[in-house]
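In what follows, a structure is listed as structure tokens, so that the remarks can point back to it.
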Amino acid sequence: MSALFGDDLLERPRRELAPGAVHVPGWLTLEQQAWISERFREWSAGPVPLRGAKVRGHEMSVKSVCLGWHWQPYKYTRDATDVNGRRVLPLPDWMVRVGRLAVTEAYGTGPDETEGYSPDTAIVNYYDAEARMGMHQDRDEVSPEPVVSLSVGDSCQFRFGNPERRGRPYEDIVLESGDLFVFGGPSRLAFHGITKVFPGTAPPGCGVDAGRINITLRVTGLRDTERREPEAP
Ligand code: SIN
Ligand code: MN
């Protein structure tokens with residue numbers, strides 16, 4: 001009953017943790033979560049498979065697959081040159097719409113103002129019970145537009161810090177299945193990470209049996225470099 005009528009949301013109000021960093025609990029319906037889980041299985045099958053990116057020779061415990069642009073430490077490319085050289089799947093239109101709705105939800109701006117939000121990449125992460133993500137900034141994008149984050153599956157502890165340094169001050173919050181988190185403006189470059197996953201907490205019906213899916217939508221601000229034909233003599 002409480003899942004159906006969302007009593008838990010009373011204890012988890014929406015909140016601005018820092019200027020521009022907004023947590024909206026229970027934003028996605030169970031049906032939307034289940035649909036995202038199904039898409040996740042399709043994306044993981046390729047053309048570029050789910051993989052742990054190598055950071056300075058160490059494979060990340062979080063596995064990821066990208067859409068639109070492929071992220072590898074510390075750059076975006078169209079082809080997954082660090083995996084199998086294949087081009088990543090395009091970013092679906094529905095994700096651009098979700099991104100706009102999310103930014104409208106977080107900042108309360110009208111549709112006209114958020115129409116300009118056009119994410120061109122999604123990094124889709126999968127965390128098993130042991131996976132973690134150390135404190136980092138999202139700074140491989142050229143654009144200052146916000147990052148939109150969606151969670152499906154097991155809950156986790158999300159550490160959200162400050163733009164100056166990796167350490168304190170930071171705040172630990174729990175992200176649950178269906179939660180939205182947007183960080184932009186003065187919080188766009190805040191350090192953040194995932195310190196724990198809570199196994200067995202995925203709600204029935206969300207489409208994930210074990211583990212956590214996270215999608216971050218971003219605006220890279222990158223352009224394809226066009227190949228120019230030589231000038232006619
Ligand atoms: C990330 O920082 O890229 C992912 C954050 C998350 O998994 O919620
Ligand atoms: Mn990040």
Side-chain angles (χ1 to χ4, degrees), residues 12 15 17-18 20-28 33 36-37 40 43-44 50-55 59-76 91 95 98-99 102 106 119-163 165-166 170-185 187-199 201-202 206 208 210-220:
R12 298 196 314 130
R15 202 156 70 83
L17 279 77
V22 182
H23 178 208
V24 185
W27 189 61
L28 295 169
Q33 295 167 43
I36 286 175
S37 311
F40 168 70
W43 301 328
S44 304
L50 192 69
R51 64 82 169 88
K54 283 217 174 93
V55 180
E59 189 173 322
M60 288 172 70
S61 57
V62 178
K63 309 299 170 207
S64 56
V65 60
C66 305
L67 308 170
W69 288 88
H70 176 78
W71 179 80
Q72 56 180 292
Y74 291 95
K75 61 179 179 185
Y76 286 99
L91 186 75
M95 278 203 162
V98 170
D120 60 351
T121 188
I123 303 182
V124 184
N125 291 315
Y126 177 76
Y127 296 73
D128 67 14
E130 277 79 45
R132 306 276 179 271
M133 191 178 284
M135 292 294 274
H136 66 278
Q137 292 169 298
D138 290 356
R139 57 178 318 145
D140 297 324
E141 302 78 23
V142 176
S143 161
E145 293 291 314
V147 175
V148 166
S149 154
L150 304 169
S151 297
V152 178
D154 283 338
S155 303
C156 71
Q157 185 167 274
F158 180 59
R159 180 163 291 177
F160 194 77
N162 66 85
R165 64 194 74 85
R166 198 165 252 109
Y170 53 69
E171 189 177 344
D172 289 335
I173 64 166
V174 174
L175 291 180
E176 293 186 11
S177 197
D179 286 9
L180 164 69
F181 195 93
V182 180
F183 54 104
S187 288
R188 175 61 180 78
L189 291 178
F191 282 88
H192 58 279
I194 299 292
T195 49
K196 260 185 241 170
V197 173
F198 302 106
T201 53
C206 77
V208 178
R212 168 175 184 263
I213 299 168
N214 167 258
I215 299 180
T216 49
L217 299 175
R218 302 140 189 252
V219 182
T220 63

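For clarity, every value in this text was computed on a predicted model and none was experimentally measured. Each ligand, and each atom within it, is numbered from 1 in the order the structure gives. In this chain, residues are counted from 1 in sequence order. The analysis underlying the following values was restricted to heavy atoms, covering all of them including side chains, and did not include hydrogens, waters or symmetry mates.
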Check whether any side-chain heavy atom of [X] sits under 4.5 Å from a side-chain heavy atom of [Y], and report yes or no.
| X | Y | value |
| --- | --- | --- |
| Val22 | Val24 | yes |
| Asp128 | Lys63 | no |
| Ile215 | Trp43 | yes |
| Pro73 | Lys54 | no |
| Leu180 | Leu28 | no |

*Would you call Tyr127 a ligand 1 contact, heavy-atom distance under 4.0 Å?*
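The answer is yes: ligand 1 sits under 4.0 Å from a heavy atom of Tyr127.
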Which ligand 1 atoms, with their elements, are less than 4.0 angstrom from a heavy-atom of [X]?
| X | value |
| --- | --- |
| Asn125 | 3 (O), 4 (C) |
| Arg218 | 3 (O) |
| Ile194 | 6 (C), 7 (O), 8 (O) |
| Met133 | 1 (C), 2 (O), 3 (O), 4 (C) |

*What protein heavy atom is closest to atom 8 (O) of ligand 1, reported as residue, atom name and distance in Å?*
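It is Arg212 NH2, 2.9 Å.
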*Can you tell me the protein heavy atom closest to atom 2 (O) of ligand 1 and the distance?*
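Among all protein heavy atoms, the one nearest atom 2 (O) of ligand 1 is His192 NE2, 2.9 Å.
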For ligand 1, find out whether one of its N or O atoms is nearer than 3.5 Å to an N or O atom of [X].
| X | value |
| --- | --- |
| Thr216 | no |
| His136 | yes |
| Asn214 | yes |

_Inter-residue atom distance Phe183.CZ - Leu17.CG, 0.5 Å rounding_ =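 Between Phe183 CZ and Leu17 CG, I get 12.0 Å after rounding to 0.5 Å.
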*Taking the N/O/S atoms of Asp138 one by one, which is nearest to the Mn ion (ligand 2)?*
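Per the distance ranking, Asp138 contributes OD1 as its closest N/O/S atom to the Mn ion (ligand 2).
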*Measure the acute angle between the ring planes of Trp71 and Tyr74, then classify it against the limits of 30° and 60° as parallel, tilted or perpendicular.*
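It falls in the perpendicular class, over 60°.
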_Would you call the rings of Phe160 and His192 parallel, tilted or perpendicular, taking 30° and 60° as the class edges?_
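Judged by the thresholds at 30° and 60°, the geometry between Phe160 and His192 is parallel.
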*Indicate, as side chain, backbone, both or neither, the part of Arg132 found under 4.0 angstrom from ligand 1 when only non-hydrogen atoms are considered.*
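Neither part.
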*Between Asp172 and Arg159, is there a side-chain N and carboxylate O pair less than 4.0 Å apart?*
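Yes, Asp172 and Arg159 are salt-bridged.
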*Rounded to 10 degrees, the angle NE2 of His192 makes with NE2 of His136 at the Mn ion (ligand 2)*: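 It is 90°, given to the nearest 10°.
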